[in-house]
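All chains are named by letter (A, B, ...) in the order of the sequence lines, taking the proteins before the strands, and each is independently numbered beginning at 1. This one's a predicted model, so the numbers in the text were calculated from it and none came from an experiment.
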Amino acid sequence: MIKMILKGWIHEIRDLGGIKFLILRNREGLHQIVLPKKKVSKDIFDMVSTLNKEDVIAIECEKRDSRAKDFEFEYLPSKIKILNKSETPLPLDPAEKVSAEMDTRLDNRFLDLRKRKIFNIFKIRSELLKYTREFLLKEDFIEIHTPKIISTASEGGTELFPVQYFEKRAYLSQSPQLYKEMMMAAGFDRVFEITWYFRAEEHNTRRHLNESTAIDLEMAFIKDEEDIMKILENLIHYTLKKLSENCKNELDEMEVKIECPELPFKRIMYDEAVKILHDRGSNIKWGDDLGTEDEKILGRYMKENNIDYYFIKKFPENKIFYIMPDGKYCRGFDLDCNGVEITSGGQRIHDHGLLVKRIQEFGLDPENFKDYLKVFRYGMPPHGGFGMGIERFLMEILKIDNIRECILFPRDRNRIKP
RNA sequence: GCCUGGGUGGUGUAGUCCGGCCUAUCAUACGGGACUGUCACUCCCGUGACUCGGGUUCAAAUCCCGGCCCGGGCGCCA
């Protein structure tokens, strides 16, 4: 008989008197340890009664076929060693006999993460990033890391978190925008960064975090925004295909099926979107950004036409100052999925004079953008890029309705621990 | 920033609208006991809670005011 060692946590103990069942949990899943009184030593049989749920143990055992409904194999122990005890009662139940609220779960996240379904989210997240790197590296992108402690806002807009940097005031970066563009000026041509966004907005919703992650990308020598959109749709197509092929068990356990969207993704012009929205009761004015309700209406419209992923492009030129204007439109785009924005991007302005003019037109002072503007004075190629929220994307893939589920230790309006 | 909903044992809940029959429900957990094929094991016994402060009232988990904590929607965004 071959002896083997199993290590893990005690998920459950079922004591029937003359026979005991011990369910062990580890990263691979659940394993049944069976202890018939007559087939194991008295010491082991008795010591099992002293074990608590979530104790960490190592078991020397023999593997054999099981009669159990839920297990193909079971293990007959010859030795059980307690590696560490768990206290009782537990602050939440990893075996999920009773549910727990999000707040309780997050306060005890390490226990929450012992649940299979929760673990799977992060397994899939890891795979998603693996395939993202795989795809982008194959497409000749260079992975970079840029500073998260910065001296000023890189693009205005959202509020920044101030930090004390020795004797100076600094901020946490809301986006690597400026640095990505610097890398275009540096001649790297194609870069991406898997990065943190820090945003000091006091929002309190299921779709927002104050500390979130993103796949940020920038590429030079593009013709227009379509070059970027093509990379983005191919990236999404590639990662979803790989996930559906290689994460079958995790997806099955989560009862989620990944529908790999067909290429190319639907493009809808802003004008067209506004028309659809008017037909469906929205009072959006031309020039307005789409509100949350507008995005939802559009998402429903797309769903009716069997479309999950769709680009919105040709926005009015007043969207963001650094996006390339194109008549009364601009070369920015959003990628939405089921009514939620998961990416925004576009072709950037590369001409110094035009950029200064745009900054002024947006009511900003070019003096505040001196460092930013310098990059455009010594040979900046045409370029563009996007930022894709990883948690937002995961929410859509895995049909999760709270973004906090998609990050290990969420930071929101109220939570800064654990 | 604006608007809203909530807080009952370790955990998840019932009860709150319409105050009294609440000595607070149920499940799970925890402690003890019985049980040789469980698989949400089962059965018996036990332990354990009204967010805090003030007010109204003969009487407050329940009504009112304030604090603390948390959720959600909008704006903004990813």
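Nucleic acid contact class of A:Asp412 (heavy atoms, under 4.0 Å, all strands): sugar-phosphate only. The residue A:Ser99 sits close only to the backbone: its heavy atoms come under 4.0 Å of sugar-phosphate atoms, none of a base. Base contact: A:Ile403 has a heavy atom under 4.0 Å from a base atom. Contacts of A:Asn108 with the nucleic acid, taken as non-hydrogen atoms under 4.0 Å apart, are absent. Among the heavy atoms of the strands lying under 4.0 Å from A:Lys53 are primed sugar atoms or P, OP1, OP2 only; no base atom is included. Across all strands shown, A:Leu209 has heavy atoms under 4.0 Å from base atoms, whether or not it also approaches the sugar-phosphate. Looking at heavy-atom distances under 4.0 Å, A:Thr343 makes contact with sugar-phosphate atoms alone, never a base. At a threshold of 4.0 angstrom between heavy atoms, the contacts of A:Glu295 include nucleobase atoms, whether or not backbone atoms are also involved. Base contact: A:Gln32 has a heavy atom under 4.0 Å from a base atom. Across all strands shown, A:Glu74 has heavy atoms under 4.0 Å from base atoms, whether or not it also approaches the sugar-phosphate.
Spacing between B:rU13 and B:rC58 at atom P, rounded to whole Å, works out to 36 Å. Nucleotides B:rC74 and B:rU28 are separated by 38 Å at their P atoms, to the nearest Å. If you take atom C1' in B:rC50 and the same atom in B:rC45, they sit 26 Å apart, rounded to whole Å. Comparing B:rC30 with B:rG37, their C1' atoms sit 26 Å apart, to the nearest whole Å. For the C1' atoms, the distance linking B:rG72 with B:rA59 amounts to 36 Å, nearest Å. Taking atom P in both B:rA61 and B:rG5, the straight-line distance is 23 Å, to the nearest Å. Comparing B:rG10 with B:rA49, their P atoms sit 7 Å apart, to the nearest whole Å. Atom P of B:rA29 sits at a distance of 22 Å from the matching atom of B:rA24, rounded to the whole Å.
One finds no side-chain N or O of A:Lys97 lying less than 4.0 angstrom from the OP1 or OP2 phosphate oxygen of B:rG12. The side chain of A:Arg207 places an N or O atom within less than 4.0 Å of a non-bridging phosphate oxygen (OP1 or OP2) of B:rC74. In terms of phosphate contacts, A:Lys296 brings a side-chain nitrogen or oxygen within less than 4.0 Å of OP1 or OP2 of B:rC74. The side chain of A:Asn204 contributes no N or O atom lying less than 4.0 Å from OP1 or OP2 of B:rC76. Put simply, A:Ser66 has no side-chain N or O that comes within less than 4.0 Å of OP1 or OP2 on B:rG37. Close to B:rG75, at under 4.0 Å from its OP1 or OP2, lies a side-chain N or O of A:Thr292.
By the 4.0 Å N-to-carboxylate-O rule, A:Glu181 lies too far from A:Arg348 to be salt-bridged with it. The existence of a salt bridge linking A:Arg415 and A:Asp107 is confirmed by a sub-4.0 Å separation between a basic side-chain nitrogen and an acidic carboxylate oxygen.
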Decide ring-ring contact (aromatic ring centres under 6.0 Å, His included) for A:Tyr310 and A:Tyr301; before the verdict, give the C-alpha distance in whole Å, the side-chain angles of both, and the deciding distance to 0.1 Å.
CA-CA 11 Å; A:Tyr310 49 96; A:Tyr301 169 86; 8.9 Å; no

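Using modelled atom types, one finds no donor on one side chain facing an acceptor on the other under 3.5 Å when comparing A:Asp336 with A:Tyr309. Using modelled atom types and a 3.5 Å distance limit, the side chains of A:Asp412 and A:His208 yield no donor-acceptor pair.
In a base pair of the Watson-Crick type (N1 to N3 plus N6-O4 or O6-N4) or a G-U wobble (N1-O2 and O6-N3), with each distance short of 3.5 Å, B:rU62 is matched with no nucleotide. The partner of B:rC43 is B:rG33, by the rule that a Watson-Crick or G-U pair needs both atom distances under 3.5 Å. If you check B:rU57 for Watson-Crick or wobble pairing at under 3.5 angstrom, you find it has no partner at all. Remark: B:rC74 base-pairs with B:rG1. Criterion, Watson-Crick or G-U wobble with two distances under 3.5 Å. Judged by Watson-Crick or G-U wobble contacts below 3.5 Å, the nucleotide B:rU38 has no partner. Base pairing analysis places B:rU28 opposite B:rG10; the two distances defining the Watson-Crick or G-U wobble pair are each below 3.5 Å.
Of all nucleotides listed (B:rA78, B:rU38, B:rG10), B:rU38 comes nearest to the side chain of A:Phe21. Nearest nucleotide to the side chain of A:Ala100, out of B:rC39, B:rG37, B:rU11: B:rU11. Picking from B:rA78, B:rG37, B:rA40 the nucleotide with the shortest atom distance to the side chain of A:Asp70 gives B:rA40. Candidate nucleotides B:rA29, B:rU11, B:rA78 were compared by shortest atom distance to the side chain of A:Pro89, and B:rA29 ranks first. Residue A:Val98 places its side chain closer to B:rU11 than to any other of B:rC39, B:rU11, B:rA29. Relative to the side chain of A:Lys37, the nucleotides B:rA29, B:rA78, B:rU36 differ in distance, and B:rU36 lies closest. Taking only side-chain atoms of A:Glu101, from C-beta outward, the nucleotide of B:rG73, B:rU13, B:rU11 with the closest atom is B:rU13. Here B:rU38 is the nucleotide among B:rA29, B:rU38, B:rC77 with the atom lying nearest to any side-chain atom of A:Leu16.
Taking atom CD of residue A:Glu211 and atom C1' of nucleotide B:rC77, one finds them 16 Å apart after rounding to whole Å. Rounded to an integer number of Å, the gap from CD1 of A:Ile342 to C1' of B:rA78 is 9 Å. One interatomic measurement links the two molecules: CG of A:Asp15 to C1' of B:rC39, which rounds to 15 Å at whole-angstrom precision. Separating the CG atom of A:Leu217 from the C1' atom of B:rA78 is a distance of 15 Å, rounded to the nearest angstrom. In this entry the distance linking CG of A:Asp65 with P of B:rC39 reads 21 Å, nearest Å. Distance, A:Leu51 CG to B:rC30 P: 12 Å, rounded to whole Å. One atom, CD1 of A:Ile416, and another, P of B:rC70, lie 10 Å apart when rounded to the nearest Å. Computed from coordinates, the A:Phe73 CZ to B:rC39 C1' distance equals 17 Å when rounded to whole Å.
Looking at A:His208, its side chain comes within 3.5 Å of the base of B:rC76 through a donor and an acceptor atom. With hydrogens and angles ignored, no donor-acceptor pair closer than 3.5 Å exists between the side chain of A:Glu96 and the base of B:rG12. Between the base of B:rG72 and the side chain of A:Arg404 there is no donor-acceptor pair shorter than 3.5 Å.
Between A:Phe135 and A:Tyr238, the two ring planes are tilted [angle within 30° to 60°]. Ring geometry for A:Trp286 against A:Tyr270 counts as perpendicular: the plane angle is over 60°, on a 0 to 90° scale with 30° as the lower cut.
Minimum interatomic distance between A:Ala185 and A:Met380 (heavy atoms only, all atoms of both residues): N-SD, 3.7 Å.
Of the residues listed (A:Leu24, A:Asn84, A:Leu83), the one engaging A:Ile57 in a side chain to side chain contact (heavy atoms under 4.5 Å, CB included) is A:Leu24, and it is the only one.
For the pair A:Arg67 and A:Thr88, both in contact range of RNA chain B, the more 5′-proximal nearest nucleotide belongs to A:Thr88. Summary of the strand contacts: A:Asn414 and A:Ser344 both lie near RNA chain B, and taking for each the nucleotide with the nearest heavy atom, the more 5' one is attributed to A:Asn414.
Put simply, the side chain of A:Tyr75 reaches to within 4.5 Å of the side chain of A:Lys63, judged on heavy atoms.
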